[in-house]
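Before any comments, here is the structure.
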Amino acid sequence: MATIAVMANSQSGDSMIDRLVRVLGSFDPDHPSLSTDELSERAGLPKSTAYRLINDMMRHNLLQRDPNGRIRIGVGMWELSNRASDAVDLATVARPHMMAVHDFVGENTQLGILREREVLIIERMSKPTAVIHRSKTAGRLPAHASSCGLVLLAHAPKHVREAYLRGPLAAITEKTTTDPTVLRKMLATIRTYHFAELAGHIDDGTTGIAVPVFDSNGLTIAGIGVVVDSEHHVGGPAIMQALRTASAGITKDLEARGTTVVD
């Protein structure tokens with residue numbers, strides 16, 4: 001892949017790198033492809049600027065057009081992201097252990113890490129028959145509304161938890177807990193028992209169950225969990241055991257590989 005040359009600042013004061021990041025940030029799991037005009041609007045760029053930048057990025061395979069002429073993230077970005085990403089290393093190690101959980105539960109299985117105020121889903125497994133859930137690989141969920149998020153918050157440093165609890169704490173459904181005092185008690189319980197179980201906090205009729213994934217030093221680096229139908233799923237204790245077995249396996253394999261995950 002060709003190397004992108006360093007570019008000068010624009011007259012508006014934002015650098016070319018700023019604009020490039022805004023273009024790439026315009027894509028998300030709900031908008032995997034965009035028209036040129038949509039991309040210009042979402043990136044907050046004049047159309048002429050957007051057209052030039054898009055063409056430059058396409059020449060470097062950072063963007064590409066699909067068969068319908070819409071713009072998508074290009075294979076060049078995939079190459080870059082897979083060269084030196086700690087998250088990719090973690091997902092690779094976790095995959096066989098997640099598959100064991102997925103085969104046992106038969107529902108959505110996911111691995112998440114904490115990024116700012118959200119859980120970034122770095123790996124996800126599902127089946128056509130699995131309960132509908134809004135999480136997607138490379139997608140994000142509010143930390144306080146997801147089981148993976150609460151596991152990560154519970155084991156985060158106290159100043160991180162308290163900063164998060166100062167808000168905002170948006171309600172996704174009627175059951176989403178947004179009271180900081182209640183959340184603080186929930187996090188304390190999760191720290192004691194090392195698991196979180198939330199029913200209907202993101203999608204009505206679904207339950208999220210998650211446990212922490214530790215590194216060799218006992219620091220929490222991820223959350224592994226499942227999202228199942230609240231009424232029709234195998235027993236909670238059995239799911240919990242499957243998740244804890246997977247978590248321990250990930251920790252062991254990370255240590256064996258000498259992989260360091262930077263939070």
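- Side-chain atoms of V119 and R140, non-hydrogen and from C-beta on, never get closer than 4.5 Å to each other.
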List the atom pairs, with distances to 0.1 Å, where a side-chain N or O of residues 96-106 and a protein N or O form a donor-acceptor pair under 3.5 Å, not counting sequence neighbours.
from : atom 1 : to   : atom 2 : distance (Å)
H97  : NE2    : G249 : O      : 3.4
H97  : NE2    : D253 : OD2    : 2.7
H102 : NE2    : E107 : O      : 3.4

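- The salt bridge (Lys or Arg N to Asp or Glu O under 4.0 Å) check on R184 picks up E162, with sequence neighbours excluded.
- Here the closest heavy-atom approach between residue G76 and residue L62 is recorded as C-CD2, 4.2 Å.
- Sorted pairs that involve residues 14-58 and meet ring pair (Phe, Tyr, Trp, His ring centres under 6.0 Å), not counting sequence neighbours, are lacking altogether.
- Residues A91 and L111 approach most closely at CA-CD2, 4.2 Å, considering heavy atoms.
- Note that CD1 of I250 is 12.5 Å distant from CG of D215, once rounded to the nearest 0.5 Å.
- Rounding to the nearest 0.5 Å gives a distance of 11.0 Å between CG of L150 and OG1 of T189.
- N108 is not listed as a side-chain neighbour of V228, based on a closest heavy-atom distance of 4.5 Å or more.
- Within the 4.5 Å cutoff, no side-chain heavy atoms of T109 are placed close to those of R124.
- Partner of Y164 under the side chain to side chain donor-acceptor pair (under 3.5 Å) criterion, chosen from E116, H159, H144: H144.
- The OG1 atom of T207 sits 6.5 Å away from the CD1 atom of I209 when rounded to the nearest 0.5 Å.
- Scanning both residues, L34 and S26, for their nearest heavy atoms gives CD1-O, 3.8 Å.
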Margin query: Working note: H194 + H155, criterion ring-ring contact (aromatic ring centres under 6.0 Å, His included); need CA distance, chi angles, decisive distance, verdict.
Written below: CA-CA 9 Å; H194 301 305; H155 292 85; 5.1 Å; yes
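- In this view, R161 satisfies the salt bridge (Lys or Arg N to Asp or Glu O under 4.0 Å) rule with no residue, not counting sequence neighbours.
- With sequence neighbours left out, R52 forms a salt bridge (Lys or Arg N to Asp or Glu O under 4.0 Å) with no residue at all.
- Listed here is the closest heavy atom pair of A210 and V151: O-CG2, 3.5 Å.
- Residues T176 and A170 approach most closely at CG2-O, 3.8 Å, considering heavy atoms.
- Between Q241 and T245, the side chains place a donor N or O and an acceptor N or O closer than 3.5 Å (distance only, hydrogens not considered).
- Nearest heavy atom pair, residue D30 against residue D28, reads N-OD1, 2.9 Å.
- Residues meeting the salt bridge (Lys or Arg N to Asp or Glu O under 4.0 Å) test with E174, sequence neighbours left out: none.
- Side-chain contact between H201 and I172 is absent, with no heavy-atom pair separated by less than 4.5 Å.
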